[in-house]
Trainee: 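Quick one: the structure is below, and I'll ask about it shortly.
First the proteins, then the strands, lettered A, B, ... as listed; each starts at 1.
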Amino acid sequence: MAKKPNKLKARLPRGFVDRSAEDIRATDEMLSQIRAVYEQYGFDPVETPAFEYTDCLGKFLPDTDRPNAGVFSVQDDDEQWMSLRYDLTAPLARHVSENINEIQLPYRTYRAGWVFRNEKPGPGRFRQFMQFDADTVGAPGVQADAEMCMMMADTMEALGIPRGQYVIRVNNRKVLDGVLESIGLGGEENDERRLTVLRAIDKLDKFGIEGVRLLLGEGRKDDSGDFTKGAGLGKDQAEFVLSVVMNERFVEGEEEMALDQANRKTPGFSEGFAELDLIRDVISSCGYGEDRIKIDPSVVRGLEYYTGPVYEAELLFDVTNEKGEVVQFGSVGGGGRYDGLVKRFTGRDVPATGFSIGVSRLMTALKNLGKLNTSDVSAPVLVTVMDGDVEALGRYQKMAQDLRNAGIRAEMYQGNWKKFGNQLKYADRRDCPIAIIQGSDERDAGEIQIKDLIEGKRLSEEITDNITWRESRPAQITVKEADLLTAVKGILESHAEDRKRASEG
RNA sequence: GCAGACGUAGCUCAGUUGGUUAGAGCGUCGGAUUGUGGCUCCGAAGGUCGGUGGUUCGAAUCCACUCGUCUGUACCA
């Protein structure tokens, strides 16, 4: 060997992950639990593709400077720009608009799918992740928003999150807009400052009230010494914003606000309150208390297309990372009313509301809570191979087939059968519960050996020398060929009982 | 995007003020053991010291740039 050829380095693009069997099974389980709730509420599935024409997705048209800022975009051979979707809402609006004449409104629909964001990835933040959305399109009344909140709450509980460990927080963009208008930040010329104020409010749970006060004013210096410029509000303006956002009595309704700034109310302000009152009435008459759905004036929720009520699902238990440190987890889902989205395509008023659950994030949290259904899929029974002639191979495969037909997960060893020890080692590492063994001796006697690998592992702790270990053949029984299925079933059942007892004890 | 910390074997990490052939544990593979997992013992493979360039007689070590990871922050439709 002279020079080594330059090997191609196998590497995953940053921000993307491979999913393990365990993750996939856990995700499937979660999806089916979520789906069951949505179906129960009378929603139907619809799916759209991962790619859309860029202009259908939103305002981010690729330009020559940064064609992929925020989104992954490619140019089709007819030179049209296409992008990978970054959420499921914009594609739904496109779908509804394109099929508006066939779709019966109000349209209640759900879908799960991968979305892509070309942003800086971080722990628990990927450039491809899964969302599970539900939307009601063509429903103008905020009772539809109330229903969304209730469905979100139900979904949290269906996933095994106990009541009190989550909360759906609800606000209304009209209230926030009213506040901004009343402190003189109305009109297009103040777009930029309005955004800054909203972003500051959004940071309430992260930096606390003092942090937000700084951000509303001159700005804030973070731990690394980096300075974030604030919104530059005057003291009076900032305190008014904070008084609304922090007001405990806000949850009791407009009449209870008792703000001496009543003269600062704007039409939007009042309308927003009225809508929240209605939502409050609907959910409380359905028996949803504040421990599940709570009006909270500090919810901001995105900045672009929401026009009315906005809501957010937050977890109330501590989530820890691999190092055991408690991390700021943020919301696991949210949504709101987007009355303008379909209109962009159709010109018709098609009000809509919906929410999105961040499946991947929620799964991380559930893992923490120990509520993640670690799959009870058990590894297959292994039929080992002692003889390699054609006839014997057929017999082994037939055994596997018989086990499968009896509803038992099974496989025949497909590696190099000549090293028998390796077959058991394989079974051990694969966590096979049982190995089936039939060499010529057993064959001649019309018998089969069944080795209980789990029981055997337990016994191995007491055996120290290899000779005894090998010759005693722990946890291994011999049965007649005809009794194979019942014997295997019996062992698997006792394993299942042991597992059950262990998880209960 | 901005600021800081860190990049040595598949993994976790040693590596002295710059000094010969860069080490350990774990894991992997082979053997002891052609038909029995674990334990034990023996052996082997595995490294462009993240990359490029520079300083030097000499660089894993010092410098510059670059890539990647982590933390904070910004953005997140």
Side-chain angles (χ1 to χ4, degrees), chain A residues 3-7 9-15 54 57-61 66 69-71 83 85-91 93 115-123 125 127 129 195-196 199-200 202-203 206-207 211 215 219-229 300-306 321-323 325 327-328 330 338 341 356 382 384-387 416-432 434-443 449 451-476:
Chain A
K3 230 174 20 181
K4 247 191 257 178
N6 263 347
K7 277 183 293 189
K9 190 168 182 186
R11 59 202 187 107
L12 202 53
R14 69 200 179 97
T54 304
L57 283 179
K59 63 172 185 177
F60 282 83
L61 291 169
R66 297 186 64 191
V71 301
S83 298
R85 61 189 178 191
Y86 50 76
D87 69 13
L88 297 177
T89 309
V115 300
F116 304 83
R117 294 193 186 176
N118 193 0
E119 292 167 353
K120 176 187 161 186
R125 260 189 92 159
R127 296 207 285 178
F129 56 97
L195 284 181
T196 311
R199 284 171 191 150
D202 203 25
K203 302 258 182 310
K206 200 168 182 180
F207 298 146
L215 284 171
R220 175 181 178 276
K221 196 181 278 187
D222 69 48
D223 295 341
S224 71
D226 207 24
F227 185 76
T228 306
K229 197 170 180 298
V300 176
R301 215 37 236 168
L303 302 167
E304 203 53 34
Y305 51 63
Y306 292 124
N321 61 15
E322 312 82 50
K323 293 175 194 160
E325 301 160 341
V327 294
Q328 274 281 344
Y338 51 98
L341 219 46
S356 175
L382 183 74
T384 60
V385 175
M386 292 291 259
D387 296 303
N416 178 8
W417 61 273
K418 288 181 180 168
K419 304 222 163 146
F420 188 70
N422 284 349
Q423 299 195 38
L424 289 184
K425 199 185 263 186
Y426 168 85
D428 192 43
R429 293 200 183 167
R430 204 158 155 30
D431 286 325
C432 291
I434 289 172
I436 307 295
I437 304 166
Q438 189 188 48
S440 54
D441 296 350
E442 292 86 2
R443 169 77 184 150
Q449 304 247 11
K451 193 176 185 67
D452 182 339
L453 295 169
I454 293 172
E455 177 68 3
K457 178 167 275 178
R458 202 181 59 74
L459 292 175
S460 78
E461 289 162 14
E462 296 153 19
I463 303 173
T464 49
D465 75 297
N466 191 252
I467 304 292
T468 316
W469 166 243
R470 295 178 74 178
E471 290 181 353
S472 68
R473 298 190 175 176
Q476 193 165 328

Trainee: Nearest to the side chain of E119(A), which nucleotide is it out of rU36(B), rA77(B), rG38(B)?
Mentor: rA77(B)
Trainee: Where the side chain of R125(A) is concerned, which of rC76(B), rU69(B), rG37(B) is the nearest nucleotide?
Mentor: rC76(B)
Trainee: Please work out if L459(A) contacts a base, only the sugar-phosphate, or nothing of the nucleic acid, heavy-atom cut-off 4.0 Å.
Mentor: nothing
Trainee: Measuring to OP1 and OP2 of rC75(B), would you say a side-chain N or O of K229(A) lies under 4.0 angstrom away?
Mentor: no
Trainee: Who are the side chain to side chain contact (heavy atoms under 4.5 Å, CB included) partners of S356(A), not counting sequence neighbours?
Mentor: Q131(A), D133(A)
Trainee: Mind listing the N/O atom pairs, protein and nucleotides 10-12 of chain B, below 3.5 Å?
Mentor:
none

Trainee: Identify which nucleotide among rC75(B), rG35(B), rU73(B) has an atom closest to any side-chain atom of Q449(A), counting heavy atoms from C-beta outward.
Mentor: rG35(B)
Trainee: Can you name the side chain to side chain contact (heavy atoms under 4.5 Å, CB included) partners of D441(A), sequence neighbours left out?
Mentor: none
Trainee: Within the structure shown, what part of the strands sits under 4.0 Å from D452(A) by heavy-atom distance: base, sugar-phosphate, or nothing?
Mentor: base
Trainee: What's Q476(A) touching, base or sugar-phosphate or nothing? Going by heavy atoms closer than 4.0 Å.
Mentor: base
Trainee: Using a cut-off of less than 4.0 Å, is there contact between a side-chain N or O of R220(A) and OP1 or OP2 of rA74(B)?
Mentor: no
Trainee: Just to be sure I understand: a Watson-Crick pair is purine N1 to pyrimidine N3 plus N6-O4 or O6-N4, both under 3.5 Å. Using that and G-U wobbles, which stems of three or more pairs involve RNA chain B?
Mentor: B:1-7 with B:67-73, B:10-13 with B:23-26, B:28-32 with B:40-44, B:50-54 with B:62-66
Trainee: Return the nearest nucleotide to the side chain of S440(A); candidates are rC75(B), rG35(B), rC2(B).
Mentor: rG35(B)
Trainee: If I take atom CZ in residue R117(A) and atom P in nucleotide rA77(B), what distance separates them, rounded to the nearest angstrom?
Mentor: 6 Å
Trainee: May I ask you to list the residues of residues 463-472 of chain A, by number, that have any heavy atom positioned under 4.0 Å from an atom of RNA chain B?
Mentor: I463(A), T464(A), D465(A), N466(A), W469(A), R470(A)
Trainee: Which listed nucleotide (rU36(B), rA77(B), rC2(B)) is nearest to the side chain of Y305(A)?
Mentor: rA77(B)
Trainee: Any donor-acceptor pair under 3.5 Å linking the side chain of Q423(A) with the backbone of V385(A)?
Mentor: yes
Trainee: Partners of F129(A) by ring pair (Phe, Tyr, Trp, His ring centres under 6.0 Å), sequence neighbours excluded?
Mentor: none
Trainee: Does a nitrogen or oxygen in the side chain of R199(A) sit under 4.0 Å from OP1 or OP2 of rC75(B)?
Mentor: yes
Trainee: Looking at rG37(B), rG68(B), rC75(B), which one has an atom nearest to any side-chain atom of K451(A)?
Mentor: rG37(B)
Trainee: Nearest of rA77(B), rU69(B), rG30(B) to any side-chain atom of Y86(A)?
Mentor: rA77(B)
Trainee: Which listed nucleotide (rG38(B), rU73(B), rG35(B)) is nearest to the side chain of D441(A)?
Mentor: rG35(B)
Trainee: Is K419(A) near enough to rG31(B) that one of its side-chain N or O atoms lies under 4.0 angstrom from OP1 or OP2?
Mentor: yes
